[in-house]
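Working notes, beginning with the structure itself.
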Amino acid sequence: MNKIVEKKQLSENVFKFVVEAPMIARSRKPGNFVILRVGSKGERIPLTIVNSDLEKGTITLIVQNVGLSSGKLCQLNQGEEITDLVGPLGKATHIHKVGTILALGGGVGIAPLYPIVEAFKKAGNRVITVLAARNRELLILEEEMRQWSDEVIVMTDDGSYGRKGLVTEGAEEVIKREKVDECVAIGPAIMMKFCALLTKKYNIPTQVSLNTIMVDGTGMCGACRVTVNGETKFTCVDGPEFNAHQIDFDEMLKRLQAYKREEDQARTGKK
Amino acid sequence: MTAAKEKQQQERNQEWRTELRKAVPNKDRLAIERVKMNEVEPHERNKSQNIEVNRGLTPEQAQREASRCMDCANPTCIEGCPVSIDIPRFIKYIERGQFLNAAATLKEFSALPAVCGRVCPQEKQCEIKCFYTQKMKKAPVAIGYLERFAADYERESGKIQIPDVAPGNGIKVAAIGSGPASLSFAGDMIKFGYEVTVFEALHEIGGVLKYGIPEFRLPNAIVDVELENLKNMGVRFEKNFVVGRTATFDDLKELGYECFFIGSGAGLPNFMNIPGENLNGVMSSNEYLTRVNLMAANQEDSDTPVLRGKKVAVIGGGNTAMDAVRTAIRLGAEKAMLIYRRSREEMPARVEEVKHAEEEGVEFHNLANPIEYLANAEGRVAKVRLQRMQLGEPDASGRRRPVPIEGAIDEMDIDIAIVAIGVSPNPLIPACLPGLKMTRWHTIEVNEETMQTSIPEFFAGGDIVRGGATVILAMGDGRRAAASMHKYLTDKHAGKENK
Ligand SMILES: Cc1cc2nc3c(=O)[nH]c(=O)nc-3n(C[C@H](O)[C@H](O)[C@H](O)COP(=O)(O)OP(=O)(O)OC[C@H]3O[C@@H](n4cnc5c(N)ncnc54)[C@H](O)[C@@H]3O)c2cc1C
Ligand code: FES
């Protein structure tokens, strides 16, 4: 059992949890995730590790309340325990000094982007970050991102904050303005698809972190299959980060819907 | 004569055994029909994942079946058993009504008799070597049923013997994975006096016994009793702990672990790499069975979803395929189909599972191999294209190789496809032990007698060494590894003291 030592609401539907997990805090690297379960009938859900505190032996998770299981987690309060928590899982991000990094984050995808931005900056890169949200209220981690970015551009769908427009518009401006050596994009699958199309046009190597359906997270089930460069890969062990230009996003978008009917039934209590 | 054979003879020459042999003439023994397992009726059991199909034998049935055994002077059945259980001895204890002694005999050889009695392919191991099969061309003594009977009797009597544990020697050892290999390893090491910790990546202990084999064949409660015994003996279990990730082997060494047993299994599901395999509705048997067995997705109050199809096709012919297809029936499939590229005779599944599957209404489509999955407008699987096959020359395994019949391709309507064509060794541990010698099948190379790997303080066994194999072999490996690790550590520590 892992105790929640801090809970904070970041936006209407997004919560930050600081959880006791000393072993994971010690061994995790940017890009890694955990799988957790709330309650003895809980589902196993993957969440990226946003941050860790070695001294306190804690990790930080950020979760958006989007369904049954994330909802159960969001109902937990400080002092309560998470039933099961395992990690760190997945391959770590390949962090190196390349020059200029363009980091693109959308929605709650800004959370998993955060440790990567931090690590690239610490590795001596120039980091330009474009953050996108539907509106001002839904934008998270702006301050934290500023700390590790040379520049932060905020885009909102409705123009309520920063500039009005999509993440790709902000990104393209930067690409046109200066030389970008590598790009990393995390957000909804559809956003990552369009980021990939954009950077492909400009031939900029791009990593994305995929949020596929998972069960075990250890390579045992294949629920997390994606096609990368024509080959089937397991996101939980071969990823979660892949070369964006090789991913079959259309297949991935479909696969995310695999249990939609069952999940809708669960939400309405008709299993 | 080996020590084991000598012991068998000694036991066989005990007065009570000699008397018992004389008590019933062989021709009377021969005249008894093989017992039929008491089963829940197909139309009843096919509605629930949680009804165990086999109900076990009554004491009377067991004793009568035990009296069929001739107590042969050269018992060939023992040769068929991967862990050389003294089969006639435990059977004769049953005949004599000493069921607890029968259970104790089994435990000398096997750490998990209640499990093995349920899941071993007896028809390919001990029972095929039985005098009845070999010499009389009759149905063999039901060794598997009797094994299960004795183990169940002991458990239900509440008189489970907790084996004696040697005084603690303070030496820490770790087992990675919590399947049958690690569990039997842990049971022996704790008896030798070691401090044993079993690390498991999942949130449940038991490996395939929990996440793979369904409740209708192996109730979790049976496994839980074994786990409880191990806990009572002092074995520590750490779940939600991925060795190599949560902590490295170096971390564990720092924590004082001196030796490691790798029982991480063959958890990686194989796919066929054919077009359409990543469509929604196509999944591995591991995914399907894990959702149901580990996550209880079949139950109302579970948060985990599972697809419930009307027309379910399961690809494969092994135990996993049988488990998946029978699970599909229990989840409400109207048509549950098994698609296998060879003929029924070549199916690697236990014959009992094939029989049960047939009784429950599974359709067998043999000599057919999927070559493509086709989607409907929503992008979900709707059809499978099948290449019809015929049997050709025998291959390396001795089974006749299936070869495509040219042009014989047809389509079948389905809404779920479950791929159960085998598993590969879990690559996680080898990936974090660069010095570890592997075979070209990606299994860990070991000395077959000692189960020691190329790194002296690492031992391994079960599916990570054999590829997808069996519970009994995994268990045997665990026990052999424990014996040789014990020797290795004893020598090592004696060496230290002498210096
Ligand atoms: C559906 C199904 C049905 C079967 N039916 C039969 C049958 O009827 N009869 C029979 O004899 N055999 C059967 N088998 C095969 C049998 O279950 C296996 O041969 C046996 O379980 C292997 O045991 P094991 O201890 O090697 O590994 P497993 O039981 O596979 O256990 C390995 C465990 O290690 C864990 N693990 C892996 N890596 C790590 C790590 N790095 N850190 C921590 N934990 C880790 C895994 O999560 C897993 O729980 C069946 C298998 C399946 C899948
Ligand atoms: S989540 Fe099961 S294999 Fe990736």
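Side-chain atoms are counted along with the backbone in the values below, which use heavy atoms only and exclude waters and symmetry mates. Below, chain A is the first sequence line, B the second, and so on; all start at residue 1.
For B:K172 and B:Y257, the positive end sits near the middle of the six-membered ring, less than 6.0 Å away and at most 45° from its axis.
The number of heavy atoms from other shown groups lying within 6.0 Å of CD (A:E55) does not exceed 12.
Rounded to the nearest 0.5 Å, atoms OG1 (A:T83) and CE (A:M1) are 6.0 Å apart. A distance of 12.5 Å separates NZ in A:K8 from CZ in A:F15, rounded to the nearest 0.5 Å. Taken from CZ in A:R255 to CZ in A:R225, the straight-line distance is 4.0 Å, to the nearest 0.5 Å. The distance from the CG atom of B:N286 to the CD1 atom of B:I418 is 11.5 Å, given to the nearest 0.5 Å.
Looking only at distances, no side-chain donor or acceptor of B:D463 sits under 3.5 Å from a matching main-chain atom of B:G468. Side-chain atoms of A:H245 come within 3.5 Å of backbone atoms of A:K200 as a donor-acceptor pair (strictly under, hydrogens ignored). Counting only distance, with no hydrogens or angles, the side chain of B:E215 and the backbone of B:N220 share a donor-acceptor pair below 3.5 Å.
Of the listed residues (B:L294, B:D251, B:L289), the one with the most heavy-atom contacts under 4.5 Å to chain A is B:D251. Chosen from B:T246, B:N278, B:L268, B:V242, the residue pairing most often with chain A at heavy-atom distances under 4.5 Å is B:N278. When the candidates A:K72, A:M23, A:R44 are compared by the number of heavy-atom contacts under 4.5 Å with chain B, A:R44 comes out ahead. Contact tally against chain B (heavy-atom pairs below 4.5 Å) for A:V86, A:I35, A:T227: the top residue is A:V86. For chain B, the option among A:G87, A:S69, A:G222 with the highest count of heavy-atom pairs below 4.5 Å is A:G87. Here B:R291 is the residue among B:R380, B:R291, B:K239 with the most heavy-atom pairs under 4.5 Å with chain A. Chain B forms more heavy-atom pairs under 4.5 Å with one residue of A:E231, A:K254, A:Q257 than with any other, namely A:K254. Note on A:V34, A:I24, A:T218, A:L85: by heavy-atom pairs under 4.5 Å with chain B, the leading option is A:L85. When B:A266, B:S284, B:P269 are compared by the number of non-hydrogen pairs under 4.5 Å with chain A, B:P269 comes out ahead.
Heavy atoms closer than 4.5 Å to chain B are found nowhere in A:L256, neither backbone nor side chain. Looking at A:I45, neither its backbone nor its side chain comes within 4.5 Å of chain B, counting heavy atoms on both sides. Looking at B:T290, the atoms closer than 4.5 Å to chain A (heavy atoms on both sides) all sit in the side chain, from C-beta outward. Neither the backbone nor the side chain of A:R28 comes within contact range of chain B; no heavy atoms are under 4.5 Å apart. Interface residue B:M283: backbone and side-chain heavy atoms are both found under 4.5 Å from chain A. For B:L279, the part lying near chain A is the backbone, with the side chain staying farther off; criterion is any non-hydrogen pair under 4.5 Å. Contact annotation for A:D248: neither backbone nor side-chain heavy atoms come within less than 4.5 Å of a heavy atom of chain B. Heavy-atom distances place the side chain of B:Y211, and not its backbone, under 4.5 Å from chain A.
Ring geometry, A:H96 versus A:F120: the interplanar angle falls from 30° to 60°, so the pair is classed tilted.
Between A:V108 and A:Q64, the shortest heavy-atom distance links the atoms CG1-OE1, 3.3 Å.
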